[in-house]
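Computation of the quantities below employed the complete heavy-atom set of this structure, encompassing side-chain atoms and omitting hydrogens, waters and symmetry-equivalent molecules.
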Amino acid sequence: MFRLLRPLTTSATYSRWLHLLIPGAVCSVWLFISPDTPWAPMVFAVPVGLLPAMRLAEGVQAQLLLTPAERGSPHAAISTSAAATWADRWRTVLWLEIRLLLCVAVGYATVWLLATAVDLVLTAAGAGPSGEWLVRGVEPHWWYTLLAPLPILVLLAVVAASGELITATARRLLGPSPVQRLTALEERTEQLLERNRIARELHDSIGHALTVAVVQAGAARAANDPDFTERALAAIEETGRDALDDLERVLRVLRESATPVGQRPTLAEADRLLDSARGSGAEIDADVSGPLEQVPGAVSREGYRILQESLTNVLRHSGAVPVRVRISVTNGRLEMEVTNPLTGSMGTPGGGSGLRGIRERAALLGGNAKAGPYDGEWRVHASLPLNGLG
């Protein structure tokens, strides 16, 4: 029983009732001007509904009165945008026609049922009915007072049912079109990709800086050499500054969505990564071939992060060991390989969020990346296509 009465306790039920009755104001004005043409508003609804802005106006009103809980939500079932296609315009026309018909039906039911309740009260009081309604030709009696609430209850049921009907119709006819749904899905996908990219940026940049700092501090303490300690502190300071710069870039993206991604580091700045790893005690043998300056921006930026995570992985798990770095641009691809002696602490192939991030970066660019033991060494190899990216 309570479930049946629940709609009567929500404000949306009565705001929907108001929404249903609003067209009656326009129709009543027209009937006052031309009472012989009650069908005219149905005809006028066709050219009016074809106006692109009418869909926007109807969507805003419907969202405000029919689904107030969804107002302003990007996932609202009722769209608040102008018609972009002819299909949207004709759906708006159909919506206006249905809304006018429901307005007439609900308006008539409202007046009829309220008048019936009044007639029952007047009949019970002996004053006689107020008009030609349900109560006609009956003798006055007090028990008609007990029947007076029944038309009110029927009216409330009509209001609740018609409110649900008009809301379902609005969701169907004023809801996002397939093009709008696809656009919203693409925007949502872009947002998720951006969040994942930012997470990888923070992991790679800050993780690299902290790893270098930890390795340098440990090496300085073990060496017990003032000169080495000074160099280690200088390396930690420089790496920290670079990490702060990277962090500022990422935070700027969060603050200003229009920040150009071109401000992110590229492989043209790979020397600072190699110098940072050398400063941590690793012996870096680097071989760079091919025109790196011609590598498209997207590939160069992601390649920088792949190299950064690869070096971080070496320093974190193997420490100051010999590392071979091979970067080449050949046959329309960027080939990167980082190898170092395999130690027991390197973990299993594919383990860790850093290695997973390397594979994700490569996959997003249409390339591939592998990490794991190879001929007694630990190898990270990434192959990224250059064509069609920038």
Side-chain angles (χ1 to χ4, degrees), residues 200-223 225 227-247 249 264-289 292 295 300-328 334-347 351-355 357-358 361-362 369-374 376-382:
R200 287 194 301 267
E201 291 283 321
L202 289 175
H203 174 275
D204 295 348
S205 178
I206 306 303
H208 174 78
L210 291 177
T211 298
V212 170
V214 169
V215 172
Q216 289 278 14
R221 183 176 60 181
D225 182 350
D227 293 336
F228 184 85
T229 300
E230 184 177 353
R231 291 195 301 272
L233 290 175
I236 292 174
E237 181 182 9
E238 181 180 357
T239 304
R241 285 201 183 98
D242 292 339
L244 287 175
D245 290 340
D246 288 342
L247 180 60
R249 291 189 185 99
R264 292 160 49 198
T266 65
L267 281 176
E269 304 172 61
D271 286 343
R272 77 174 192 175
L273 288 178
L274 301 177
D275 292 340
S276 176
R278 291 189 181 101
S280 299
E283 299 177 13
I284 305 295
D285 176 17
D287 180 15
V288 180
S289 61
L292 282 183
V295 175
S300 188
R301 288 188 292 268
E302 298 304 322
Y304 178 93
R305 292 305 185 189
I306 291 174
L307 176 61
Q308 184 180 56
E309 178 55 34
S310 300
L311 294 174
T312 301
N313 199 52
V314 173
L315 294 174
R316 181 182 295 129
H317 297 289
S318 295
V321 297
V323 182
R324 291 197 311 276
V325 177
R326 300 290 183 264
I327 303 175
S328 64
L334 171 66
E335 303 288 341
M336 302 178 61
E337 184 175 281
V338 179
T339 58
N340 62 277
L342 183 63
T343 64
S345 60
M346 286 302 295
S353 59
L355 299 181
I358 289 176
R361 289 180 186 276
K370 298 179 181 179
Y374 182 80
E377 295 181 315
W378 181 269
R379 184 184 72 162
V380 176
H381 179 268

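Taking 4.5 Å as the limit, some side-chain heavy atom of H381 sits within range of a side-chain heavy atom of E335. In this structure the side chain of T339 never reaches within 4.5 angstrom of the side chain of V380, judged on heavy atoms.
Not a single side chain to side chain donor-acceptor pair (under 3.5 Å) links D271 to another residue, sequence neighbours left out. When the side-chain contact (heavy atoms from CB on, under 4.5 Å) test is applied to S289, the partners found at least two apart in sequence or on another chain are S328. Evaluation of the side-chain contact (heavy atoms from CB on, under 4.5 Å) rule for S300 yields T266, L267, V295 as partners, not counting sequence neighbours. For V321, the side-chain contact (heavy atoms from CB on, under 4.5 Å) criterion is met by V314, S318, V323, N340, P341, not counting sequence neighbours. With sequence neighbours excluded, the residues satisfying side-chain contact (heavy atoms from CB on, under 4.5 Å) with A362 are A369, L384.
A salt bridge links R278 to D275: one of the charged nitrogens lies within less than 4.0 Å of a carboxylate oxygen. For the pair E337 and R324, the salt-bridge criterion is not met [side-chain N within less than 4.0 Å of a carboxylate O].
Just one residue in the list L307, N313, I306 forms a side-chain contact (heavy atoms from CB on, under 4.5 Å) with I358, and that residue is I306.
Residue pairs meeting the salt bridge (charged side-chain N to carboxylate O under 4.0 Å, His left out) criterion with at least one member in residues 280-289, sequence neighbours excluded, are D285-R326.
In this structure, V338 and L311 approach most closely via the heavy-atom pair CG1-CD2, 4.4 Å. Nearest heavy-atom pair, E269 versus Y304, reported as atom, atom and distance to 0.1 Å: O-CE1, 3.6 Å.
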